Structures are given as C-alpha cells and as structure tokens.
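Remarks on the structure that follows.
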Amino acid sequence: MTLPPNSLVAPLPGFAARLWSGRPVISGLAVVLIATLWMLAAYNADFWRRALDIFGAEPHLLILFAVGIWAFMMVYVLLFANRWLLKPFLIANILIAAGASYYHEAMGIIIDREMIGNIIGTTANESWGLFTAAYLRHMLLLGVLPSAAILMVRVTHPAFARSALQHLGLLALCAVVFLGAAFSNYQAFSFGVKASPGMRQILHPASTIQSAVQYAQMMWRAGSAEFTPIALDAAMGPVARAAPRPTLTILVIGETLRDQNWGLSGYARDTTPELAKRDILAFGRVETCGTSTNVSLPCMFSALGRADFSYEAASSQDNLLDILKRAGYDVEWWDANTGDMGVAARVPYANYNRAEDPEFCASGECNDGILLMKLQERAGTITRDTVIVMHQIGNHGPAYSERYPEDFARFLPDCRNTDLAKCPPAEIVNAYDNAVAYTDHLLSSTIDFLDELPELNTSLIYISDHGESLGEGGLYLHAAPYWIAPETQKRVPMVVWMSEQFQLDMQVNYNCVKAPGAVPLSQDNFIHSVLGMLDVSTAVRKPDLDIFDACRTPNEVSAK
C-alpha cells in the first residue's frame with residue numbers, strides 16, 4: 001500500500017505538522033558538498049594549522065593543497081554514500097570525526113591502528129572517565145546538532161539513471177581534481193606532509209576510518225595465521241634441575257609508569273623511598289617496544305624483538321610463557337588491568353580487575369593491592385617451580401587518583417578530575433607521582449613477603465609496559481605513534497630482586513649484575529633475561545640480550 005504525501009505527519013499537532021512539512025528541501029549532491037566542507041572545517045583545525053605552517057609562505061601551494069584535500073574528501077564520501085545510505089553514512093562520519101577531533105585537540109591523541117585497539121580493549125570504568133563535561137559539550141555542538149540537521153532536511157534525488165550519472169560524473173571530476181592538484185607539485189606536497197609527522201593521521205574522519213580498517217585487517221590476519229611452535233628444545237638447565245627447593249618467580253608488568261618520574265632513576269622527587277632500602281637491581285631508561293599496552297605487552301613476551309614485531313606474527317607463535325611452560329615451569333597470569341592482549345592464551349588466567357573486595361576495589365575497579373593479597377593466599381600452596389605474571393593497573397590514566405588508596409595521597413593537591421585539561425599541571429603530576437609511590441610500596445611489600453618464604457627460591461622482575469605524557473607540549477596519556485612519540489612515552493624503569501637462596505641455588509652473581517655495562521636496555525632484553533635467570537636452555541635465548549648471561553657462577557669460574 002502506498003501512503004499519501006504527508007501521511008506520516010498527520011498525527012502531529014497542527015503547528016508541528018506544518019513545521020515538519022516546511023523542512024528545507026535540498027538535493028543529495030548538495031548535502032554531500034555541504035557535509036564535506038563542514039567536516040573539513042569543523043574537525044581538522046590542527047591539520048589546517050600544520051598546512052598553513054608548511055605552505056603558508058607560498059599561498060598558491062596552500063590553495064592547491066586545500067583544493068586537493070577537499071577533492072579527496074569528496075571522493076571518499078561519494079564512494080560510500082548513495083541515495084539509500086546518504087544520511088546514515090554522513091551522520092556516522094560526523095560523529096566519528098567529532099569524537100576523534102576532540103581527543104586530538106584536547107589531549108594531542110592520534111587515532112591510529114594501535115589507538116583503535118586501545119579503545120576496543122578499554123574497560124567500562126576507564127571509558128566513563130573519558131566522558132567529561134567538555135567532551136559531552138563538544139559532541140553536542142559539533143556532533144549531535146549537525147547530525148540532527150542532516151536528519152531533518154528533506155533530500156531529493158533525480159530519477160535513478162540520472163542520479164547515478166550525476167553521482168559518477170561528480171566522483172570522476174573530484175578524482176581528476178585531486179590527482180591534478182596532487183601532481184601539480186607532487187614533490188612539494190609529499191615533502192611537506194612527510195615533514196609534519198602524523199599529519200596524514202589527523203584528517204578526520206577519513207584517517208580514523210582508515211585506522212579502524214587497518215585494525216580489523218590486523219586482527220583478521222592474526223586470527224587466520226597458522227600457529228608455529230618455537231623453542232621446542234626448551235628445558236630446564238642443570239642448575240635449575242639441581243636446585244634443592246622449588247623456584248617462585250614473580251614477573252610484575254607495570255602500566256603507564258614512565259622512567260622520568262621514577263625516583264631510582266634520578267627523579268627530583270623521591271617516589272621510590274621503599275625500594276631504595278631494598279637490595280635490588282634498578283635499571284633506568286629502558287626503551288619500550290611500543291607506546292601502548294596492546295603493542296608493548298605482546299612484544300616484550302615475544303622472541304621477535306621490536307625490529308621484527310607485528311601483532312600477527314607474535315600471536316601466531318609461542319611466547320615467553322609457552323617456553324617456560326614447555327621447560328617445566330607452572331605458569332599463571334593474574335590481571336588487575338584490561339587483559340593480557342593474547343599473551344596468556346595458553347596458560348591459566350585470572351582477572352581481578354573487578355573483584356569484589358572492599359579494601360582494594362572500593363571504586364568498582366580494583367587497585368594493584370589485590371594482586372599482593374592473592375599472592376599471599378597462593379604462596380603456601382606452591383610446591384613446583386612456578387612463574388606468576390602480575391599485570392598491574394599501575395598508573396593508567398586519566399584517573400590517576402583512583403590508582404592509589406587515600407592514605408597514599410602524599411603529594412598534594414592531586415588532580416581528581418578525569419578531564420586533565422581542567423587540572424593545573426602540578427596537580428596532574430602530583431596524582432601521577434602518588435600512583436608511582438603506591439607501586440613502590442607494593443613492589444617493596446611483595447619483595448618482603450617473598451623474602452620470608454624459606455621453602456622457596458624467590459625472585460621478582462618489574463618492568464612497565466610504556467610511559468605517559470602529562471601535558472608536556474599539550475600531549476596527554478599515551479599511545480602516540482612511535483616515530484613521533486616523546487621520550488616520556490618510550491622510557492620505563494625495570495627492577496630485579498633475588499633472594500639470597502635464589503642467588504645461591506640458581507648460581508647468579510648478584511654483584512656482577514649490579515655493575516651493568518654501558519649498553520642501554522630495551523624490552524627486547526626481557527624474554528632472554530627471564531630465560532637466562534631461570535636457567536632455561538633453548539636456542540631461542542640470545543645470550544647477548546640476557547643481562548644475567550655473564551653473571552652466572554659457572555660462566556665466571558670458566559672465564560677465570
């Protein structure tokens with residue numbers, strides 16, 4: 001049955017019906033043109049600032065560049081928008097561009113493939129922390145209202161054949177304009193864009209959509225890749241086999257703790273007073289594999305190293321946990337964070353991020369104290385050589401103040417607002433440093449607990465996954481593309497502790513390790529050093545990346 005014109009508005013009151021019937025009428029191609037110009041103008045302020053910096057001295061180049069970008073965006077919209085999907089497509093792109101532009105302009109965040117992974121992997125509690133009043137205002141003004149305007153207008157289309165011809169003709173014309181503008185002075189445009197790192201990733205919404213497609217492709221390739229076992233020769237060496245008591249090693253993986261605020265690395269503020277009193281090995285300025293958890297975590301547990309790492313390759317072969325398990329160690333992963341990023345896929349896994357505990361989980365999301373409590377409960381049952389990974393929530397932002405109990409608010413006033421731009425820089429640093437100090441306390445308490453287990457050979461290694469930006473240069477949080485990321489996101493601390501029994505039974509010369517060489521460390525050293533410390537024999541271990549290799553007692557005796 002065909003409805004008569006305006007039948008849908010018949011139930012509305014007279015005024016509303018007249019208002020609805022009097023909506024503006026506009027052609028589909030005009031909507032595409034206006035929406036494209038709106039997206040380029042409203043959501044790409046930094047993009048155009050950079051273009052002005054690069055080409056502003058030569059106005060003709062700037063105009064050509066702007067025309068080319070407009071034509072490119074028109075091609076993008078025309079390729080996917082048709083008479084049936086026009087409004088949904090434009091509204092979706094406007095909302096995506098509005099969200100991406102807010103976080104880029106307010107926090108300097110670039111929505112690349114890795115950031116898409118972070119968004120998908122974040123917890124509900126972390127997501128709520130990002131829905132600030134400023135974000136909601138931005139989305140209302142630059143997302144909801146333009147979307148409502150598109151929804152309200154009446155879009156007209158010619159007959160199908162004529163409409164298709166016009167659509168294809170405009171698409172071809174825009175493609176020609178784009179190519180003509182690009183190749184009119186390709187060398188200048190290519191050099192200019194390359195000279196501004198990340199510029200291609202802040203053209204919203206096209207760059208954000210591209211990043212989402214790249215993430216989907218990465219996950220598809222990872223899921224379809226054939227799994228390849230490695231280190232099939234892994235076995236405990238003679239020292240580990242001869243040890244008179246079981247070994248318990250704790251691998252603490254920190255979260256977002258940068259070396260620049262680590263007291264043991266020379267930070268002006270003493271954020272590590274308790275660890276400074278322990279007999280530990282402290283390594284600073286360790287270079288990370290990535291600037292986000294979903295890159296650094298699988299990378300540091302992989303044998304690939306940063307130079308050869310890809311998520312697809314790492315997920316399709318054994319990692320450190322699999323090798324330790326094959327060698328004869330019991331391996332477990334305990335999480336107080338958002339997940340293991342696939343690293344613990346083949347070992348027992350427990351997540352305590354949302355555990356019900358009034359002491360450590362008062363805000364709904366647990367702090368890292370729950371991991372120490374679980375260790376205290378578990379240690380008495382360990383009778384075999386065991387490795388437990390404790391993945392902390394650490395200094396994960398922007399809610400730094402939720403990462404430590406109230407009595408650890410030592411540096412005051414501390415920022416209590418998840419909209420970091422609302423806090424003075426000093427208060428952000430205070431909250432961040434309080435979380436660092438809480439990590440110092442937990443690591444020290446864990447070491448003290450392990451040292452009181454005479455029936456076990458105990459040891460601990462701590463390393464953070466990546467660093468953090470606290471507003472330096474207008475940049476907040478982490479996950480900046482590695483090639484443009486500041487040092488604050490790429491340098492982290494590492495701590496090693498071994499009980500005297502562990503040193504004796506596993507034949508590690510602690511004093512030798514305390515005098516490390518001048519070669520800087522990176523997360524590439526992690527897997528090989530853990531294998532070396534636990535005396536796992538395998539061709540996969542690279543002695544030159546094992547910080548303990550030259551400090552095992554048999555090696556020293558042989559050298560002498």
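Note that the numbering runs from 1 along the sequence shown for the chain. Here the structure is a predicted model, which means the values were calculated and not measured.
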With Trp497, which residues qualify under side-chain hydrogen bond (donor to acceptor under 3.5 Å, both in side chains), at least two apart? none
Will you find, in the side chains of Tyr438 and Asn367, an N or O donor that is under 3.5 Å from an N or O acceptor? yes
Pairwise side-chain contact, Asn337 with Asn353, heavy-atom cut-off 4.5 Å (strictly under): no
Quick one: closest heavy-atom pair of Tyr510 and Val496, and the distance? OH-O, 3.3 Å
Under 3.5 Å: donor-acceptor pair, side chain of Thr272, backbone of Leu264: yes
Between Leu251 and Ile388, is there a side-chain heavy-atom distance shorter than 4.5 Å? no
All salt bridge (charged side-chain N to carboxylate O under 4.0 Å, His left out) counterparts of Lys422, not counting sequence neighbours: Asp419
Should we count CD of Gln214 as having more than 12 external heavy atoms under 6.0 Å? yes
Salt bridge (charged side-chain N to carboxylate O under 4.0 Å, His left out) pairs, two or more places apart, involving residues 304-317: Arg221-Glu312
Which pairs, with at least one residue in residues 252-266 and sequence neighbours excluded, count as a salt bridge (charged side-chain N to carboxylate O under 4.0 Å, His left out)? Arg258-Glu472
Ring centroid separation Phe411 to Tyr432 under 6.0 Å: no
Less than 3.5 Å apart, any donor N or O on the side chain of Gln489 or Ser469 sitting next to an acceptor on the other? yes
Any side-chain heavy-atom pair of Tyr462 and Ile447 under 4.5 Å: no
Please give me the minimum heavy-atom distance between Asp335 and Leu371, naming the atom from each residue. C-CD2, 4.4 Å
Stepwise side-chain contact (heavy atoms from CB on, under 4.5 Å) check, His104 with Ile110: CA-CA 6 Å; His104 179 67; Ile110 292 177; 4.0 Å; yes
Within the side chain of Asp357, is there an N or O that forms a donor-acceptor pair under 3.5 Å with the backbone of Glu359? yes
For Leu321 and Val389: C-alpha separation, side-chain torsions, deciding distance, then whether side-chain contact (heavy atoms from CB on, under 4.5 Å) applies. CA-CA 9 Å; Leu321 305 186; Val389 181; 3.8 Å; yes
Given 3.5 Å as the limit, does a donor-acceptor pair link the side chain of Asn525 with the main chain of Leu545, or not? yes
When you look at CD of Glu406, are more than 12 heavy atoms from neighbouring residues, nucleotides or ligands closer to it than 6.0 Å? no
N/O donor-acceptor pair under 3.5 Å between Arg491 side chain and Pro486 backbone: no
Which heavy atom of Ser302 sits nearest to which heavy atom of Ile527, and what is that distance? O-CG2, 3.6 Å
Check: Arg278 side chain, Glu274 main-chain N or O, donor-acceptor pair, under 3.5 Å: yes
I'd like to know if the side chain of Ser464 reaches the main chain of Leu257, judged simply by a donor and an acceptor atom lying under 3.5 Å from each other, with no hydrogens or angles considered. yes
Do Asn430 and Arg410 have side chains that approach each other closer than 4.5 Å (heavy atoms only, starting at C-beta)? no
Donor + acceptor pair across side chains of Asp465, Thr293 (<3.5 Å): yes
Let's go through Tyr404 and His441 carefully: what are the C-alpha distance in whole Å and the side-chain angles of both, what is the deciding distance for side-chain contact (heavy atoms from CB on, under 4.5 Å) to 0.1 Å, and is it a yes or a no? CA-CA 10 Å; Tyr404 51 89; His441 169 72; over 6 Å; no
Please evaluate residues Val530 and Ile461 with respect to the criterion side-chain contact (heavy atoms from CB on, under 4.5 Å), reporting the C-alpha separation (whole Å), side-chain torsions for both, the decisive distance (0.1 Å), and the verdict. CA-CA 8 Å; Val530 172; Ile461 296 180; 3.9 Å; yes
Taking the side chain as everything from C-beta on, heavy atoms only, tell me whether Met218 gets closer than 4.5 Å to Arg113. yes
Under a 3.5 Å threshold, yes or no: a donor from one side chain and an acceptor from the other, between Ser459 and Thr249? yes
Name all pairs fulfilling the disulfide bond (SG atoms under 2.5 Å apart) condition that reach into residues 325-371, sequence neighbours left out, sorted by first residue then second. Cys361-Cys366
Please report whether the ring centroid of Tyr352 lies less than 6.0 Å from that of Phe360. no
Going by distance alone, is a donor N or O of one side chain under 3.5 Å from an acceptor N or O of the other, for Thr381 and Arg378? yes
Could you give the side-chain donor-acceptor pairs of residues 473-483 under 3.5 Å, partners two or more places apart or in another chain?
| from | atom 1 | to | atom 2 | distance (Å) |
| --- | --- | --- | --- | --- |
| His478 | ND1 | Glu468 | OE1 | 2.7 |
| Tyr482 | OH | Glu287 | OE2 | 3.2 |
| Tyr482 | OH | Thr288 | O | 2.8 |

Non-neighbouring partners of Asp322 that pass salt bridge (charged side-chain N to carboxylate O under 4.0 Å, His left out), sequence neighbours left out: Arg346
Using salt bridge (charged side-chain N to carboxylate O under 4.0 Å, His left out) as the criterion, list what pairs up with Asp433, not counting sequence neighbours. Arg269
Checking side-chain hydrogen bond (donor to acceptor under 3.5 Å, both in side chains) for the pair Trp334/Glu332: CA distance, chi angles, key distance, verdict? CA-CA 7 Å; Trp334 299 354; Glu332 302 175 27; 3.1 Å; yes
Tell me which pairs pass disulfide bond (SG atoms under 2.5 Å apart) where either residue lies in residues 258-344, with sequence neighbours left out. Cys289-Cys299
Charged N-O contact under 4.0 Å between Asp524 and Lys542: no
Residue pairs involving residues 223-244 (criterion salt bridge (charged side-chain N to carboxylate O under 4.0 Å, His left out); sequence neighbours excluded): none
N/O donor-acceptor pair under 3.5 Å between Ser316 side chain and Ala313 backbone: yes
Is it true that a side-chain atom of Tyr215 and a backbone atom of Met115 form a donor plus acceptor pair closer than 3.5 Å? no
Taking every heavy atom of Val492 against every heavy atom of Gln523, the minimum-distance pair comes out as CG2-NE2, 4.4 Å
Which atom pair, heavy atoms only, marks the closest approach of Ala485 to Thr291? CB-CG2, 3.7 Å
Glu455: what forms a salt bridge (charged side-chain N to carboxylate O under 4.0 Å, His left out) with it, not counting sequence neighbours? none
Only counting residues at least two apart or in another chain, list the ones meeting ring pair (Phe, Tyr, Trp, His ring centres under 6.0 Å) with Phe502. none
Beyond-backbone contact of Leu443 with Val252, side-chain heavy atoms, under 4.5 angstrom: yes
Are the side chain of Asp535 and the backbone of Ala240 linked by a donor-acceptor contact shorter than 3.5 Å? yes
Tell me if a side-chain donor or acceptor on Glu365 pairs with a main-chain N or O of Arg403 at a distance below 3.5 Å. no
For Val343 and Asn319, which heavy atoms make the closest approach, and how far apart are they? O-ND2, 3.0 Å
